[in-house]
Amino acid sequence: MLDIRFVRENPEMVREAVANRNDNAPIDEILRLDSERRQKIGRLDSLRQERKTVSREREKAQERGRQLRTEIQEMEEEVRRLDAQLEALLLQMPNIPQSTVPVGKDESHNVVVRTWKEPKKFDFTPAPHWKLGEDLGIIDFDRGVKISGSRFYILGGAGARLQRSLIYFMLDMHTREHGYQEIYPPFMVKQECMVGSGQLPKFADNIYHDVEDDLWFVGTAEIPLTNLHRDEILNKEDLPRYYVAYTACFRREKMSAGKDTRGIKRGHQFDKVELYKFTEPEKSNEELEKLTRDAEEVCQKLDLPYRVVEHCTADMGFAAARSYDIEVWAPGIAEWLEVSSCSNCTDFQARRANVRYRPGPEARPQYVHTLNGSGLALPRIMIAVMENYQQPDGSITVPGALRDYMRTKVIKPDG
RNA sequence: GGAGAGGUGUCCGAGUGGUUGAUGGUGCCGCUCUCGAAAAGCGGUCCCCGAUUAUAUCGGGGCGUGGGUUCGAAUCCCACCCUCUCCGCCA
């Protein structure tokens, strides 16, 4: 959420930022509600002040007191209404891109900032992962559909083990080498958590929701991690905090119906290892660089060629002020696969979730900055491993970094 | 799920209708004392909203959450949430 004071004082800048995002937030309406709200609060406060004075005289001024009560109640109702309207609109507004973010109309304006190694050349036609997976008997699409419907699949044998190995490998790397604390959070959260991290109210149609208990299934560990310190005031010494969490992720993917239906690239349920940071405002940009490098290192250790792409204004996520994607080359499906998206959300989520810190002993609390990035998304890194390490005979060589976890050097049929 | 108890400031713990941000203790910061430390004494120490020459000042709100009663509520009423104990159930 944006600071209403910032919007009030920089309306033109906000308007431009919103336009660059191809968003159509009603700035004028927001400014109008804000000014009306403040005016009514002024009135309400002076009424309350009078009530305070009058009530001290006990029985003497009961008549005026009764009048005041009615007026105050009416004014409270007005302010409540305006608060709600204003908040509803503010909650729909995206974060403001940082000034260094390339302005663009769509994803074609994203900028490749660096690449690591060249895509591997094959002297045979590399197969897509769904073919490899089915032939090896490690991915079962048909039974996934039988059990749960479209966009569900089953990993079996070495396929399940490969995913588990990747999870262990990534968690171990980030905790041992990059200083993240491992967290196992709930996969279902309260509505206010969804609001806190920015999924609600705007993206309700992409979230699974248990109506009976009003719990929401997380589409990313970013959600519970954002809310880990909700309504807390952290000490300056507590920052930065690095967290890494493995979770399942659930997404309805209604918006992308018919897209990427083949394979395991986009399912309703997938696993992810997520990196998350709480930092001081001045440090968040350098922390984003570090976080991105931490995620990249997974690709490097797996020896998978990748590129890092900076999002342009129009392609950025709702909560992000700046973000990088890590894209790995998948030779079988012949595309750059987004295995991670690393974002600096500045104080956008912190304001929603009310996560603050005290900059100094006597200083006022201030919102922290939050950052998140996949480190990495399992199905897509699985695709990359399978397609990059495939052999002419359809077997898959296990990357060196995973051999201790997999306890094998190659995945063969019935392996 | 059933029965009971309870939710107050960093924490502990008072307060059951009237200047109560809220007794007391504790923690934290500063000062005094001291060669220094401890002890002791004194002072300070919450958050939000609004007004402003804007962290100095003024006003309002906040005692689990949201409503209500009243001239006036931490204190009374209603609903909900959470914690603890016992019972039931269960990986």
Side-chain angles (χ1 to χ4, degrees), chain A residues 1-11 30-91 184-196 200-201 209-216 224 227-239 241 246-248 278 280-282 347-368:
Chain A
M1 189 157 67
L2 300 182
D3 183 355
I4 182 61
R5 277 169 235 162
F6 181 83
V7 180
R8 186 189 303 153
E9 284 158 23
N10 307 277
I30 286 171
L31 291 171
R32 192 184 63 71
L33 286 168
D34 171 53
S35 122
E36 191 181 347
R37 172 180 173 272
R38 285 184 294 142
Q39 185 212 321
K40 297 247 156 99
I41 284 175
R43 177 79 186 122
L44 175 61
D45 283 353
S46 58
L47 285 170
R48 280 171 167 165
Q49 189 175 6
E50 192 185 345
R51 172 175 70 183
K52 218 173 210 177
T53 320
V54 163
S55 74
R56 282 186 195 134
E57 303 180 20
R58 309 287 172 96
E59 299 78 12
K60 290 180 190 169
Q62 288 204 12
E63 189 153 333
R64 178 62 187 146
R66 269 189 285 270
Q67 276 173 16
L68 281 169
R69 186 176 65 204
T70 316
E71 284 182 55
I72 286 171
Q73 281 173 343
E74 283 168 9
M75 198 54 68
E76 279 174 345
E77 182 54 44
E78 285 271 294
V79 171
R80 260 202 296 272
R81 208 193 78 234
L82 288 164
D83 273 345
Q85 285 180 1
L86 187 58
E87 197 191 15
L89 293 182
L90 280 174
L91 285 175
Y184 175 80
F187 296 1
M188 293 186 279
V189 300
K190 298 178 188 176
Q191 176 173 320
E192 60 210 86
C193 294
M194 286 289 173
V195 174
L200 286 178
H209 177 211
D210 169 49
V211 181
E212 204 158 7
D213 293 316
D214 196 24
L215 282 172
W216 300 71
N227 289 278
L228 207 57
H229 295 296
R230 195 177 66 219
D231 295 325
E232 290 182 26
I233 300 176
L234 303 168
N235 294 316
K236 187 188 168 105
E237 305 78 62
D238 295 334
L239 299 175
R241 297 199 81 111
Y246 155 77
T247 66
F278 295 88
E280 296 176 66
E282 308 74 45
D347 61 2
F348 187 84
Q349 292 177 321
R351 185 171 288 104
R352 286 173 166 248
N354 194 28
V355 185
R356 294 174 293 173
Y357 83 109
R358 205 176 291 282
E362 301 294 314
R364 258 188 197 164
Q366 225 180 82
Y367 291 112
V368 300

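In the text below, chain A, chain B and the rest are named by the order of the sequence lines, each starting its count at 1. This one's a predicted model, so the numbers in the text were calculated from it and none came from an experiment.
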Give none if [N] has no partner; otherwise give the nucleotide forming a Watson-Crick or G-U wobble pair with it, both distances under 3.5 Å.
{"N": "B:G43", "value": "B:C29"}
{"N": "B:C80", "value": "B:G64"}
{"N": "B:A73", "value": "none"}
{"N": "B:U85", "value": "B:A3"}
{"N": "B:G59", "value": "B:C49"}
{"N": "B:A91", "value": "none"}

Using atom [atom1] of each nucleotide, how far apart are [N] and [M] to the nearest Å?
{"N": "B:A39", "M": "B:U85", "atom1": "P", "value": "36 Å"}
{"N": "B:U23", "M": "B:G9", "atom1": "P", "value": "13 Å"}
{"N": "B:G6", "M": "B:U70", "atom1": "C1'", "value": "27 Å"}
{"N": "B:G62", "M": "B:G72", "atom1": "P", "value": "13 Å"}
{"N": "B:G15", "M": "B:U75", "atom1": "C1'", "value": "8 Å"}
{"N": "B:C78", "M": "B:G24", "atom1": "P", "value": "33 Å"}
{"N": "B:G64", "M": "B:G7", "atom1": "C1'", "value": "6 Å"}
{"N": "B:A73", "M": "B:C77", "atom1": "P", "value": "15 Å"}

Would you say [X] places a side-chain N or O within less than 4.0 Å of OP1 or OP2 belonging to [N]?
{"X": "A:Lys190", "N": "B:C81", "answer": "no"}
{"X": "A:Arg38", "N": "B:G50", "answer": "no"}
{"X": "A:Gln73", "N": "B:U69", "answer": "yes"}
{"X": "A:Arg5", "N": "B:G50", "answer": "yes"}
{"X": "A:Arg37", "N": "B:G50", "answer": "yes"}
{"X": "A:Arg351", "N": "B:C48", "answer": "no"}
{"X": "A:Arg358", "N": "B:C47", "answer": "yes"}

Take the protein atom [atom1] of [X] and the nucleotide atom [atom2] of [N], then report the distance between them rounded to whole Å.
{"X": "A:Gln67", "N": "B:U70", "atom1": "CD", "atom2": "P", "answer": "15 Å"}
{"X": "A:Asn235", "N": "B:C29", "atom1": "CG", "atom2": "P", "answer": "12 Å"}
{"X": "A:Gln191", "N": "B:C81", "atom1": "CD", "atom2": "C1'", "answer": "14 Å"}
{"X": "A:Arg48", "N": "B:G50", "atom1": "CZ", "atom2": "C1'", "answer": "11 Å"}
{"X": "A:Glu76", "N": "B:G68", "atom1": "CD", "atom2": "C1'", "answer": "12 Å"}
{"X": "A:Glu74", "N": "B:G68", "atom1": "CD", "atom2": "P", "answer": "12 Å"}

Does a salt bridge link [X] with [Y], judged by any charged N lying under 4.0 Å from a carboxylate O?
{"X": "A:Arg37", "Y": "A:Asp83", "result": "yes"}
{"X": "A:Arg32", "Y": "A:Glu36", "result": "yes"}
{"X": "A:Arg43", "Y": "A:Glu78", "result": "no"}
{"X": "A:Lys236", "Y": "A:Glu280", "result": "yes"}
{"X": "A:Glu76", "Y": "A:Arg81", "result": "no"}

Select one nucleotide: of [options], the one nearest the side-chain heavy atoms of [X].
{"X": "A:Arg364", "options": "B:U55, B:G60, B:G50", "result": "B:U55"}
{"X": "A:Arg356", "options": "B:G61, B:C47, B:G60", "result": "B:C47"}
{"X": "A:Lys52", "options": "B:C48, B:G50, B:G60", "result": "B:G60"}

Item to complete: Using a heavy-atom cut-off of under 4.0 Å over every strand shown, decide if A:Arg69 touches base, sugar-phosphate, or nothing.
Response: base

Discussion item. What contact category does A:Arg80 fall into here, base, sugar-phosphate, or nothing, at under 4.0 angstrom with non-hydrogen atoms?
Written reply: sugar-phosphate

Worksheet item: Checking only heavy atoms, does the side chain of A:Asp45 share a donor-acceptor pair with the base of B:G59 at less than 3.5 Å?
Response: yes

Item to complete: Spell out, as yes or no, whether a donor-acceptor pair under 3.5 Å connects the side chain of A:Arg241 to the backbone of A:Phe278.
Response: no

Discussion item. Judged by each residue's nearest nucleotide on RNA chain B, which is more toward the 5′ side, A:Glu9 or A:Gly42?
Written reply: A:Gly42

Worksheet item: Going by atom types only, do A:His229 and A:Asp238 share a side-chain donor-acceptor pair under 3.5 Å?
Response: no

Discussion item. Counting neighbours of CE on A:Met188 that are heavy atoms of other residues, nucleotides or ligands and sit closer than 6.0 Å, is the number greater than 12?
Written reply: no

